[in-house]
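Working notes, beginning with the structure itself.
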There are 2 protein chains.
Amino acid sequence: MKKESTYEKLVAFHGHSCPGLAMGYRMTKAALSFLGVKRAYDEELVAIVENDACGVDAVQYLSGCTFGKGNLVFKDYGKRVYTLYSRRSGRGVRVLYDSGSIPETISADWERHREWILSAPQDEILSLREVFIEEPERASVRESVRCDRCGEHVMATRTRRKDGRTLCIPCAEEETG
Amino acid sequence: MKKESTYEKLVAFHGHSCPGLAMGYRMTKAALSFLGVKRAYDEELVAIVENDACGVDAVQYLSGCTFGKGNLVFKDYGKRVYTLYSRRSGRGVRVLYDSGSIPETISADWERHREWILSAPQDEILSLREVFIEEPERASVRESVRCDRCGEHVMATRTRRKDGRTLCIPCAEEETG
C-alpha cells in the first residue's frame, strides 16, 4: 500500500482538495520551515490567521494550532495572511499568499489552479518575513457555575445577572425576548 | 501493527489526550449517531459549538465541521453544548455534557477523569434532544481587491474607505494610530 502523503492526509481532514486548501498547505509548510519548528503538541506555537477560508484547515492540521486548543487566533481582515509564532524562540513569521503571476487560463480552472499552487516555486506565490510581536496569552480554564434558570453548567465569565439570579446567555436572551 | 483507533487519530490531530477532548469525542460520536450521519466532506453538516475548548477539535475531526470550511459556528456562551445539523435531512440535535455523577476522587485526577469519560455509560454524561433550527447560511466566496496602501489583496467586504482610497483594516488602523 502506498504511504499517504501529508497533503492527502490533510485533504482527508478537510474533506476535499481545493485551491484554498492548497494555498494554506504551501503557506503553513513555508512558515514552519522558516521558523525551523514542527507541529505543536500543546500551545508552543500560535497561529494568527487573517481569514477563515479553507486554507485555515491546513494551518490547523499541519501546525497543530487548532481552534480547540486556543492557539489559533482569528482576525477578520479578509487577507491571505498567516502569522506563525513560536513561544520557545520568541520568533514570528508573516506569510502572504499572492498569486500575481498565475495565468488566467489556469486560475479559471479549479483543478489546474490547485495543481499549479501545489507545484509553483515558493517565491512566485509566497512572501515571508520575520515579525516581532508580543507573545499571545495562553488559553485558560475558567470556573463553571450552574444557570439558575436551565440548571446547565456555564463558564462563570459568560453569565448575566438578572433579578438576583445568575443566568447563561441563551436563558438571559430568552427572558428578554 | 495495531490499527490506530479513531480516538488515537483524534489525539494525534489535537496534539494530546485530555478530559476536554474525551468529552468532545463522546459528544460528537453521540450526535452523529443520533442523526444517523457520517463525517461531512463538504458543508452537508453544520456544527454550532457553545465553547471554544479542547472538545471542539473532536467536532472538527469527527464530524468534518471545520473552521476552514465555514460549517463550524462558534457561539461564545461558555456552555458544554454542541448542536449538529444535517442539511440533507433538516434535522438537528443538541448535545449537553454534564458529569454530575462523577466521583470527586476521579475528577481531580486528569488521567482517570479522561478514562472515566471515555467509558461512562452515555446517559450518565450526555443529554441529547432533537432541535428545530433554521438552516445556517453556506460559506460564500467574496471578491478580492488590492489595498491602496500596502498593495496586498483583501476581501472587498473587509475594506475601509479613507480619503478616496480603499484600505485593508490593518493599514486603516495604522494610519489612525
Side-chain angles (χ1 to χ4, degrees), chain A residues 12-16 20-21 24 39-44 49-61 64-72 74-81 96-100 127 139 141-142 144-147 150-159 168-170, chain B residues 12-16 20-21 24 39-44 49-61 64-72 74-81 96-100 127 139 141-142 144-147 150-159 168-170:
Chain A
F13 168 64
H14 183 61
H16 59 256
L21 193 70
R39 196 179 196 288
Y41 282 94
D42 196 1
E43 290 186 63
E44 59 269 30
V49 297
E50 298 191 13
N51 67 72
D52 56 358
C54 293
V56 177
D57 281 350
V59 176
Q60 295 196 97
Y61 192 81
C65 296
T66 67
F67 186 83
K69 277 215 301 264
N71 55 348
L72 180 77
F74 172 44
K75 295 200 173 174
D76 194 5
Y77 293 162
K79 300 188 72 169
R80 285 177 183 155
V81 172
L96 165 76
Y97 178 91
D98 190 339
S99 59
S127 304
V141 178
R142 311 275 185 184
S144 172
V145 297
R146 281 203 190 263
C147 168
C150 68
E152 295 177 358
H153 275 287
V154 54
M155 251 164 64
T157 55
R158 292 287 175 282
T159 53
C168 69
I169 296 172
Chain B
F13 168 65
H14 183 61
H16 59 255
L21 193 70
R39 198 180 194 285
Y41 283 95
D42 196 1
E43 290 187 62
E44 61 269 29
V49 297
E50 299 192 12
N51 66 70
D52 57 357
C54 293
V56 177
D57 280 350
V59 176
Q60 295 196 95
Y61 191 82
C65 296
T66 66
F67 186 84
K69 277 215 301 268
N71 56 347
L72 180 78
F74 172 45
K75 295 201 172 171
D76 195 4
Y77 293 162
K79 298 187 74 168
R80 285 177 185 155
V81 172
L96 165 76
Y97 178 92
D98 190 339
S99 59
S127 304
V141 178
R142 312 277 185 181
S144 171
V145 297
R146 279 202 191 266
C147 169
C150 67
E152 294 178 358
H153 276 288
V154 55
M155 250 164 66
T157 54
R158 291 288 176 283
T159 53
C168 70
I169 296 171

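A, B, ... follow the sequence lines: proteins, then strands. Residue 1 opens every chain.
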Rounded to the nearest 0.5 Å, what separates atom [atom1] in [X] from atom [atom2] in [Y]?
| X | Y | atom1 | atom2 | answer |
| --- | --- | --- | --- | --- |
| Q60(A) | H14(B) | CD | NE2 | 11.5 Å |
| E152(B) | E50(A) | CD | CD | 8.0 Å |
| Y61(B) | Y61(A) | OH | OH | 6.0 Å |

Heavy-atom pairs under 4.5 Å with chain A: which of [options] has the most?
| options | result |
| --- | --- |
| T66(B), V56(B), V49(B), D42(B) | T66(B) |
| H153(B), R80(B), K75(B) | H153(B) |
| A40(B), G64(B), P170(B), A156(B) | P170(B) |

Side chain, backbone, both or neither: which part of V59(B) has a non-hydrogen atom closer than 4.5 Å to chain A?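 Nothing of V59(B), per the 4.5 Å heavy-atom cut-off to chain A.
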
Toward chain A, the part of A12(B) with a non-hydrogen atom under 4.5 Å: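 The backbone, not the side chain.
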
Residue [X] versus chain B: region with a heavy atom under 4.5 Å:
| X | result |
| --- | --- |
| L72(A) | side chain |
| C65(A) | neither |
| C168(A) | side chain |

So, D57(A) side chain and G68(B) main chain: donor-acceptor pair closer than 3.5 Å or not?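 Indeed, once roles are kept as given, a pair shorter than 3.5 Å links the two residues.
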
Quick one, K79(A) with R158(B), criterion side chain to side chain contact (heavy atoms under 4.5 Å, CB included). Give me CA distance, side-chain angles, the key distance, then yes/no. CA-CA 9 Å; K79(A) 300 188 72 169; R158(B) 291 288 176 283; over 6 Å; no

All side chain to side chain contact (heavy atoms under 4.5 Å, CB included) counterparts of A53(A), not counting sequence neighbours: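 Per chain and number, A53(A) pairs via side chain to side chain contact (heavy atoms under 4.5 Å, CB included) with N51(A).
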
Between H16(A) and K69(B), does the side chain to side chain contact (heavy atoms under 4.5 Å, CB included) criterion hold? Intermediate values first, please. CA-CA 10 Å; H16(A) 59 256; K69(B) 277 215 301 268; 3.8 Å; yes

Between I169(B) and D76(A), which heavy-atom pair has the shortest distance, and what is it?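 Looking at all heavy atoms of both residues, the closest pair is CD1-O, 3.8 Å.
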
Do you know the tightest heavy-atom contact between G15(A) and Y41(B)?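 For G15(A) and Y41(B), the tightest heavy-atom pair comes out as O-CD2, 3.2 Å.
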
Take the angle between the ring planes of F67(A) and F67(B) and call it parallel below 30°, perpendicular above 60°, tilted in between.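 F67(A) and F67(B): parallel rings.
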
Show the numbers, then the answer: is there a side chain to side chain contact (heavy atoms under 4.5 Å, CB included) between F13(B) and R39(A)? CA-CA 10 Å; F13(B) 168 65; R39(A) 196 179 196 288; 3.6 Å; yes

For D98(A), give me all partners under salt bridge (Lys or Arg N to Asp or Glu O under 4.0 Å), at least two apart in sequence or on another chain.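 Result, salt bridge (Lys or Arg N to Asp or Glu O under 4.0 Å) vs D98(A): R146(B).
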
